[in-house]
Amino acid sequence: MSSVLASLAVTMAFQVAPAQVEIVAPRSEVEVQESLLLTARAIDGAGRVMDDVLVRWISSTPEIAEVDQTGRVLATNPGTARITAVIGGRPTSTLIVIRELGAATVVAELAYATPFAGQAVPLRVSALNRLGEAVANPVFTYQSDNDAIAHVDGAGLVFARSQGTTRLSVRSGDASARVEVIVRADPGLTYSLTPEQAQARTGDVIRLQAAMRSPDVEVRAFPEWSVSGTGAQVEDDGGEGVFVAERPGTYRVSARLGENAVVSAVIQVEARGAEAELIKVGRGPISAHHSGDVWVFEGVDGRDYAYIGTFQYDWMKVWDVTDSSNPILTDSVQMDARRINDVKIHPNARLGVVTREGASSRRNGIVLLDLSSPAHPTILSEYTETLTGGVHNVWIDGENELVYAVHNGTRAVHVIDISNPESPSEVGRWAIDDAPRSLHDVIVQDGYAYVSYWDDGAIILDVGAGTHGGTPRQPTFVSQFKYPIGNTHVAWRHGKYLFLGDEIFPPAWDVDGRIDARGYLHVLDMSDIENPVEVARYEVPEAGVHNIWAEGDRLYVAYYQAGLRVLDISGELRGDLYRQGREIATILTTDGDTTTPNWPMAWGAQIHKGKIYSSDINSGLWITELKERPRVIS
């Protein structure tokens, strides 16, 4: 430590604490990218201003505003920033309101510049601030130079009225744009909507097509969709109306195609109804400590096994589940760890990989297991060299003899070659950048790795799909999807959908008590893998989602304190799956053999030979079976 730093440390340590600290700000509101200089003063017990005091400045909201040690604040994003000054150990704070930059430029474009009289066409508008960034919530006003030719309403929908040319004005603050519209004569337009009638269950998606026709000219329609009532929704998807209902009832779906042209359809919706139930088949109770992830497989001896990690404990439990109604604990493998979070088994069933966190040696990494005697696995080797900071989750690519490990230390996905399992080695890695991140999970499916990067959302990597130049050892970036609130904890690709789970724990939680977790599943349409689109969600009230598994038309969700849940994911998915009644079966994973009475904490689920194997943090292994009931159509 230099003499200057040492002197500063001593001064701070012995500086007399003031009776009061005040922050003086020249103003309390600024715009994004503006800065202002704050000053702080200390007042002693006699009301006198103290001289030569050291001030430590802290931004409690660094994502909104930064502050340096001179007190200069730089506004980076809209919101309310809290800036704190600390003198002699006494803090005080002030709030700075940061306004979004207003529109400096308005961009406007008519969806169809030469509409026919009688046609409605949307005006597509956006606003950019002086930095060239999109304004999040701009307010626009609209005006037509000649309403007799074309009228524009307050939402930017243009109604072509009669043949001629006019201009439309769009304004946001002091910025504006003008658009020319050329209205052609009505060629004898007719309007239609198909289907005109439909029947569906809650959660079923109906796609409607609205059309405009004339005898001689091809016409493109721009329908504005609406639905009666509050129990259903309709969204535009490239001109189609996508309808889905949460409640039974009769709904009228309308498409406005012109100022005086509205076509409609009637859709009758019945309740989806429960179609299955979860039956408990067997239990492997673990109540002496908390459990982690579970993986089930058929061993080389032809028998079935479930391996379960432990939370804040140093054993991996081995259960023989050949008789699923009577699991037998055959062994426990001890290793230096405070958490064995994840367990994965190689497709050849001869090698297992478990993760370690909190090792006393501070060399965590992964542990490879020899499964030649699956009832009594032994430690074959360890790999810690580049994974000392702890590994939370892994995925095994058996075809290429690789393990993808998420490393707490580097916050990167490390690619480990296990072709020689007695001597693993790192052969590649991928990370967003060098900035502090939180990385939680990785799953590899069909040549893509789906990496759960917490606040940075889901990252999709090419690890052999061949679409973006990636290889199993050299991942390349494909796309990213993030949302403003929620910690992206797990991802699972199934068909054209990617299911993303949040994990949100309360600020203060105790693993030995009741944990009120929150978070839900985001459903992304991956038809364009470079541009994922969120189309649906599954949220159980007052609970939090954890790991998931999909097979066929069923999604199996470990929903922490809401237990194990099963969803019908058949057909197209849109809207709120919980409210639609797509949840078909549930079971609370708690009984008398638990660390926390009456509080399930379902961790994960896996399908094996028709049974569902779940682990619960508080109570261990659960084996259930989904009993489908035939649907009765009245």
Side-chain angles (χ1 to χ4, degrees), residues 277-296 306-319 321 324-329 332 334 337-343 357-358 487 489-490 501-521 538-549 556-566 578 583 585-606 611-627:
E277 61 179 329
L278 282 168
I279 307 297
K280 186 177 79 171
V281 175
R283 277 277 281 122
I286 303 174
S287 57
H289 55 79
H290 299 289
S291 297
D293 204 2
V294 62
W295 196 266
V296 190
Y307 288 3
I308 298 182
T310 49
F311 186 80
Q312 294 185 339
Y313 207 63
D314 58 355
W315 295 92
M316 185 199 76
K317 301 295 184 180
V318 179
W319 294 86
V321 293
S324 56
S325 66
N326 184 33
I328 298 173
L329 184 65
S332 297
Q334 189 174 27
R338 285 288 294 161
R339 182 169 182 170
I340 302 171
N341 189 75
D342 198 16
V343 181
E357 294 173 284
N487 306 320
H489 155 269
V490 71
D502 297 334
E503 186 178 56
I504 303 173
F505 274 18
W509 57 275
D510 179 4
V511 70
D512 294 318
R514 298 188 174 198
I515 303 173
D516 284 300
R518 293 294 183 267
Y520 63 88
L521 277 181
Y538 170 62
E539 182 175 13
V540 178
E542 306 301 319
V545 71
H546 200 234
N547 287 348
I548 54 181
W549 189 280
Y556 302 85
V557 185
Y559 219 107
Y560 274 145
Q561 68 267 43
L564 176 65
R565 331 285 286 194
V566 184
Y578 180 81
E583 183 179 86
T586 68
I587 190 170
L588 294 179
T589 51
T590 188
D591 56 20
D593 289 312
T594 179
T595 62
T596 308
N598 304 314
W599 198 258
M601 283 296 282
W603 178 291
Q606 180 188 348
K611 302 294 192 300
I612 308 159
Y613 292 80
S614 307
S615 59
D616 185 285
I617 291 178
N618 295 331
S619 59
L621 176 65
W622 288 74
I623 306 172
T624 56
E625 187 173 9
L626 186 66
K627 291 292 187 181

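The heavy-atom pair separating Lys317 from Leu329 by the smallest distance is CB-CD1, 4.1 Å. The heavy-atom pair separating Val294 from Ser614 by the smallest distance is CG1-C, 4.2 Å. The two atoms that bring Gly284 and Pro327 nearest to each other are N-CG, 4.2 Å, heavy atoms only. Ser324 and Lys611 get closest at one heavy-atom pair: OG-CE, 3.6 Å. Here the closest heavy-atom approach between residue Asp502 and residue Gly519 is recorded as CB-CA, 3.6 Å. Residue Tyr559 comes nearest to Val545 through the heavy atom pair CE2-N, 3.5 Å, listed as atom of the first residue, atom of the second, then distance.
Considering CD1 of Ile612 and CD1 of Ile623, their distance stands at 11.0 Å, rounded to 0.5 Å.
Salt bridge absent: Arg518 and Glu503 never bring a charged side-chain N and a carboxylate O closer than 4.0 Å.
For Trp622 and Trp319, the ring centers sit 6.0 Å or farther from each other.
Using the six-membered ring where Trp is involved, Tyr538 and Tyr578 have ring planes that are tilted, between 30° and 60° apart.
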Stepwise side chain to side chain contact (heavy atoms under 4.5 Å, CB included) test for Thr310 and Met316: CA-CA 6 Å; Thr310 49; Met316 185 199 76; over 6 Å; no
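Here the side chain of Ser615 pairs no donor or acceptor atom with the backbone of Asp293 at under 3.5 angstrom.
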